There are 2 protein chains.
Amino acid sequence: MKRKPAITSRDVAERAGVSQSAVSRCFSTNASISEKTKLKVLQAAKELGYRPNSIARSLITRSSRTIALVLSHLDNMFYPLVLEKASLRFQAEDYHLLLFVVPEEGDFIGVMDRILQSQVDGILMMSASLTSSLAQECVDTGIPVVLINRNVDFAGVSQVYSDNYHGGYWVGSYLAMGGHEQIAYLAGLKSSSTSRHRYQGLVDGLASLGKQCQVIVQGDYDFEQARSATLQLFSEPPYPDAIFAASDHMAIAVIETLRHDLGRRVPEDVSVVGFDDTPIAAWPSYRLTTVRQSVDQMVEEATTLLIKQIRQGDFRAVSRMLPVTPILRDSVRQFTHE
Amino acid sequence: MKRKPAITSRDVAERAGVSQSAVSRCFSTNASISEKTKLKVLQAAKELGYRPNSIARSLITRSSRTIALVLSHLDNMFYPLVLEKASLRFQAEDYHLLLFVVPEEGDFIGVMDRILQSQVDGILMMSASLTSSLAQECVDTGIPVVLINRNVDFAGVSQVYSDNYHGGYWVGSYLAMGGHEQIAYLAGLKSSSTSRHRYQGLVDGLASLGKQCQVIVQGDYDFEQARSATLQLFSEPPYPDAIFAASDHMAIAVIETLRHDLGRRVPEDVSVVGFDDTPIAAWPSYRLTTVRQSVDQMVEEATTLLIKQIRQGDFRAVSRMLPVTPILRDSVRQFTHE
DNA sequence: TTGAAAGCGCTAACAG
DNA sequence: CTGTTAGCGCTTTCAA
């Protein structure tokens, strides 16, 4: 790494005939500096092509104005979308974003170590695998953490997540009312609280109308795995007449498989429900009935919360559960007397 | 921002009964230090929960081990995928990733300023709007830049991109051979060299068999816009019997619109070809004929190049054009005598 | 191998 | 309002 020795505030100061700190003041808000010197400095700075070194600034202010974003599952459209929103939001607040893509349920520990070293001001986490000891470590270090779309029972970290239980509950009762009998749940990752809560909701929603969930298969939030799970579901009777997938991403995989590998019609032969309401769910080919989580709201809440915690050094963990909206489209058979 | 005063190498030194520099040496590779002291230090470090402050390290080494990633169009699955790959690759090389999501063709200048201030070691750019003056500025600062999936005629920056022209050329000749007569091009952003080259290829490929592209509409790489463009294409005769979309993302929008709004069959009534070969193209519902760009190869080349340039302080711009692979699926009508 | 000392480029008191 | 001064936490000579 050799590059031209960078231009420092000292160089600018010299050229402008002022002190180095005068230069510094020109580039920080609410520092008292006269119009006149400011002009001289800015002029010199421009001539030299000077830019304040934010590393040096971070070192002294002990704040990098950087937030770590931890995520996985980029293949599920839901995440790129929240990534985009979150990034725009943070940029607007003048925070930088350090991105950490973690493999599925990988060696989170290594990543955590790097995050902690990187002196971020806060952590926004959209990945399941945060053990409580890891979380504790963050809290000890004094770095605020907020979990998005995740819900762990560790008290130390803040979290914003959807009302997965009631989302699932709605699906359960809706499916029950539709007269479905053989209901299957296509689960997400085993470690995912989100998937578990949706399942619990489904079971209770079904039970409220005297039905039950007949079978549960693992899809792990993965497209291909959802496909095999669907195949497996239809490998021998009794065949499901409704499948609730823990994500739209998987629900689409189910529909594809149903239609093209299994020759089943949706919703006539089997009903499919998803969760998230990603853009794909609305595509005319699918018209997927699903449960909407508001990405906007989720990101808004999470980022606001994180920024507040950073600003105030306020570490009380707060949990925000967001309401969820059933989106009725055409992937569920309408009720008919039989 | 107040947090517990961080644990520094000084603290560790004190506890271990060694000098501060001894501690530093323990955490840097190939520094001479005896097993014995190293053990003591590591022990003390663990007890205190010490982690080297990478900001301070960056300040002195003048290298942040950070790379800026600039992108947009996160709604097009292609980009999340390259994002994921790139991030894994850089993480493996022990680089951090600073993410900058830029709006469509937004005020790139503001973003650039922030990037330059953030002292990144290199820039990987997947967004079109890099004016040559901006590029020049990077080069002046001595920060290597590589453009991915973009091809500007500014000589100063490196770029790795696909052979868009021949991709388009293949599509043109394939469509011509299929006996299509009314061929439409659904273009990407006006500012996109990529889209222009694909178009040029299409035109020449068609011409090689005595055909021509009848009409060109703007889709700007956007799903909804691609939908309206498709509608527009069929608002009055002559109707296209083939549409080449500059991205799979748009091609899917075309198919959806054709099937569900226009009641046209694909490929019987109209053929559709895309570009990228994102996972969706292979879904049974679409079986989109397309031109594959290898994300893996692109990312591999681009990251390797960038890292090399950073390491060697080698700023000669190099361009790598990657070959492209036609993927024949079922969205193009097979040739039949008429 | 080790410690002392000199900064990296900047901000933040503190005087003037 | 402005300059002087003292570090932020670390790496890196330089002697010992």
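If you're wondering where the values come from, they're calculated on a predicted model, not measured in any experiment.
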- Message: On a heavy-atom basis, which atom in G49(B) and which in I7(B) lie closest, and how many Å separate them?
- Response: O-CD1, 4.1 Å

- Whole angstrom value for the distance that separates P of dT1(C) from CZ of R25(B): 10 Å

- Atom CZ of R10(B) and atom C1' of dC10(D): how far apart are they, to the nearest Å? 10 Å

- Is T194(A) reaching over with its side chain to a backbone N or O of N149(A), donor-acceptor style, under 3.5 angstrom? yes

- Message: Would you say the ring centers of F100(B) and H96(A) fall short of 6.0 Å from each other?
- Response: yes

- OP1, OP2 of dT11(C) versus side-chain N and O of T61(A): anything below 4.0 Å? no

- Separation of atom CZ in F27(B) from atom P in dT12(D), rounded to whole Å: 16 Å

- Message: With the threshold set at under 4.0 Å for non-hydrogen atoms, list the residues of residues 32-43 of chain B touching DNA chain D in residue-number order.
- Response: none

- Are the side chain of Q91(B) and the backbone of V101(A) linked by a donor-acceptor contact shorter than 3.5 Å? yes

- Query: Over its full length, what angle do the end axes of the helix from dT1(C)-dA16(D) to dG16(C)-dC1(D) make, each axis taken from five pairs and the result rounded to 10 degrees?
  - Reply: 30°

- Query: Do any of residues 46-60 of chain A sit with a heavy atom less than 4.0 Å from DNA chain D, and if so which?
  - Reply: L59(A), I60(A)

- Task: Quick one: list whatever passes ring-ring contact (aromatic ring centres under 6.0 Å, His included) with F78(B), sequence neighbours left out.
- Result: none

- R89(A): salt bridge (charged side-chain N to carboxylate O under 4.0 Å, His left out) partners, not counting sequence neighbours: E93(A), E300(A)

- Query: Rounded to the Å, how far apart are Q119(B) CD and dC10(D) P?
  - Reply: 19 Å

- Message: Just to verify, what does S9(A) make a side chain to side chain contact (heavy atoms under 4.5 Å, CB included) with, not counting sequence neighbours?
- Response: Q20(A), V23(A), Y50(A)

- Message: Just to be sure I understand the geometry, which residues of residues 12-21 of chain A put a non-hydrogen atom under 4.0 Å away from DNA chain D?
- Response: V18(A), S19(A), S21(A)

- Query: Rounding to a whole Å, what distance do you find between I7(B):CD1 and dG9(D):C1'?
  - Reply: 13 Å

- Message: dT11(C), OP1 or OP2 - any side-chain N/O from S28(A) closer than 4.0 Å?
- Response: no

- Residues two or more places apart in sequence or in another chain: which of them pass side chain to side chain contact (heavy atoms under 4.5 Å, CB included) with L322(B)? V160(B), Q297(B), M298(B), E301(B), R320(B)

- Item | Residues forming a side chain to side chain contact (heavy atoms under 4.5 Å, CB included) with R57(A), sequence neighbours excluded | F27(A), P52(A), T61(A)

- Message: What is the separation between atom CZ on R62(A) and atom P on dC10(C), rounded to the nearest whole Å?
- Response: 19 Å

- Message: Q293(A): which residues meet the side-chain hydrogen bond (donor to acceptor under 3.5 Å, both in side chains) condition with it, sequence neighbours left out?
- Response: S162(A), D276(A)

- Under 3.5 Å, is there a donor-acceptor pair linking the side chains of S158(A) and Q309(A)? yes

- Message: Using the salt bridge (charged side-chain N to carboxylate O under 4.0 Å, His left out) criterion, which residues pair with R15(B)? Sequence neighbours excluded.
- Response: E47(B)

- Got a sec, which pairs hit salt bridge (Lys or Arg N to Asp or Glu O under 4.0 Å) with one end in residues 25-42 of chain A, sequence neighbours left out? none

